[in-house]
Amino acid sequence: TEIPSLRTRLVAGEPGAGNLVLWAHTCELPDPWNWLGTGDLLLSDGYNFPAAAGEQVEFLTHLSRGNLAGIALGDGLHAPPLTGEAAAAADALAFPVLQSAYEVPFVTVARTVADSNNKDTHGRLVRILRVYDVLRRFNQGRFSQEQCSADSLLDMLGRESGADLQVLDAHSGTPLLPTTRPLDGRFRDALLATLAARTSPIPGSLRISVDGVSALGLPLDDGNRAVLLAIQAESTLDVMILQHVATIAALDVDRRSIAQARRRESGARFFQQLLDGSIDTDAAAARLTALSLGDRPWRLICTGGDSPDSREDLQLRLIRARVPH
């Protein structure tokens, strides 16, 4: 607002005028707080800015809870007038509402922010590189045996990102990756309720809050089958860093799924050998022992299920129940 060439003025939320703007980006989706993150300035032509006073207050409240730096509306475009109730809410939330002149392209604002934050951008890049360094060292076994036995990859990524991390099945809420952190059922239930209420795919991130503690849900795959749940721990959640954590978590989920599929295929071939008698008794007994099935009696359970998803869900539940095969 103090840069004359940007021709941008503060219209509400003056207590938040000192907010740090790390990035500026346009978003005309109805839920921009699910697509932008901490320190981002929302640039809007006003297509997604509601006209009713109550809806404006709710819109600004969501943006504030998402830790955005503020919103800049284009003057003379499509945004309805800011109501008195919304202006009062912006002041109470310390959430700046700006207005940029019609003649100033949003890209000019975005470039100004980017040029002014080279140092902060470098700091974020360093944190992102540290996240991938955790993966590299974990895969190379460069952590001590004691550390690896006590911490999972998810635990180590959580420390780098300043969050308690869980990877959950998007339908059942069951954990898909190991972690020493206990799962807080309140956040899981809140996330599942939010997912169940949606009729569209999961956006870049879903924001939830339990007793004033923020959390984010980030999808791990295109099918929205798995979600990274990041609960605020040490500091404000950084969406950009968590998106890189989600990429690593998705790779780990895929790796484990492939390993489990190969294990099931191998078990199926062995089971066929047992059925048709093509393997001798001693070899079969040794193989059963190696598969943690050496103790008798053995039981075979048959169940119907035409859906691949239902079979996969059953496999996951058996694995979590520590049923070896």
Side-chain angles (χ1 to χ4, degrees), residues 19 22-23 25 27 29-40 42 48 50 54-71 89 92-95 131 154-155 157-177 179-250 253:
N19 288 356
L22 296 175
W23 193 252
H25 203 80
C27 182
L29 293 171
D31 55 346
W33 49 86
N34 286 329
W35 299 93
L36 301 180
T38 301
D40 290 342
L42 170 61
N48 56 358
E55 293 179 357
Q56 286 187 2
V57 171
E58 184 179 6
F59 190 83
L60 296 177
T61 300
H62 279 300
L63 293 176
S64 176
R65 289 176 179 171
N67 296 313
L68 273 71
I71 179 174
L93 293 167
F95 185 78
V131 164
L154 213 54
D155 293 329
L157 292 173
R159 281 198 295 272
E160 288 296 338
S161 58
D164 291 338
L165 302 179
Q166 299 281 345
V167 173
L168 307 177
D169 182 280
H171 302 289
S172 64
T174 50
L176 299 179
L177 292 182
T179 174
T180 62
R181 299 276 189 177
L183 174 58
D184 191 327
R186 299 173 303 164
F187 287 95
R188 177 196 58 207
D189 294 344
L191 176 63
L192 293 180
T194 303
L195 293 174
R198 294 189 61 85
T199 57
S200 57
I202 305 174
S205 62
L206 282 176
R207 295 184 180 275
I208 59 176
S209 179
V210 174
D211 294 337
V213 179
S214 299
L216 286 175
L218 292 87
L220 297 192
D221 53 20
D222 295 336
N224 292 166
R225 295 182 297 270
V227 179
L228 174 70
L229 175 62
I231 303 172
Q232 182 175 322
E234 303 169 6
S235 58
T236 303
L237 298 173
D238 190 315
V239 176
M240 182 176 292
I241 292 175
L242 288 173
Q243 285 173 340
H244 289 275
V245 172
T247 299
I248 295 174
V253 169

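For this chain, numbers begin at 1 and follow the sequence in order. Nothing here was measured: the structure is a model prediction, and the numbers come from that model.
Remark: the backbone N or O of Ser172 is paired with a side-chain donor or acceptor of Asp169 at under 3.5 angstrom.
Of all heavy-atom pairs spanning Arg198 and Asn34, the tightest one is NH1-ND2, 4.5 Å. Ala246 approaches Leu220 most closely through the heavy-atom pair O-CD2, 3.4 Å. The minimum heavy-atom distance between Leu192 and His171, with the atom names listed, is CD2-O, 4.3 Å. The two residues Arg188 and Gly173 come nearest to each other via the heavy atoms CD-O, 3.4 Å. Taking every heavy atom of both residues into account, Val213 and Phe187 meet most closely at O-CE2, 3.6 Å. Annotation for Leu237 and Gly162: closest pair CD2-O, 4.4 Å, computed over non-hydrogen atoms.
For the side chain to side chain contact (heavy atoms under 4.5 Å, CB included) test, residues two or more places apart in sequence or in another chain that qualify with Ala170 are Leu195, Val227. Residues meeting the side-chain hydrogen bond (donor to acceptor under 3.5 Å, both in side chains) test with Asp238, sequence neighbours left out: Arg124. For Asp164, the salt bridge (Lys or Arg N to Asp or Glu O under 4.0 Å) partners two or more places apart in sequence, or in a different chain, are Arg181. Taking Asn48 as the reference, Ser44 meet the side-chain hydrogen bond (donor to acceptor under 3.5 Å, both in side chains) condition, with sequence neighbours excluded.
To the nearest 0.5 Å, atoms OG1 (Thr180) and CG (Asp155) are separated by 3.5 Å. For the atom pair CD of Glu160 and CD1 of Ile241, the computed distance is 9.5 Å after rounding to the nearest 0.5 Å. Taken from CD1 in Ile248 to NE2 in His244, the straight-line distance is 9.0 Å, to the nearest 0.5 Å. Atom CH2 of residue Trp33 and atom CG of residue Leu206 lie 11.5 Å apart, to the nearest 0.5 angstrom.
Listed by first and then second residue, the side-chain hydrogen bond (donor to acceptor under 3.5 Å, both in side chains) pairs that reach into residues 201-220 are Arg186-Asp211, sequence neighbours excluded.
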Under 3.5 Å, which donor-acceptor pairs link side chains of residues 61-71 to any protein atom two or more places apart or in another chain?
unit_1, atom_1, unit_2, atom_2, d
Thr61, OG1, Val57, O, 2.7

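The closest side-chain heavy-atom distance from Leu165 to Leu177 is not below 4.5 Å. Leu216 is listed as a side-chain neighbour of Val239, based on a closest heavy-atom distance under 4.5 Å.
The only member of Leu36, Leu42, Thr38 that meets side chain to side chain contact (heavy atoms under 4.5 Å, CB included) when paired with Asp40 is Leu36.
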Does Val210 form a side-chain contact (heavy atoms from CB on, under 4.5 Å) with Asp184? I'd like the steps, not just the answer. CA-CA 10 Å; Val210 174; Asp184 191 327; 5.9 Å; no
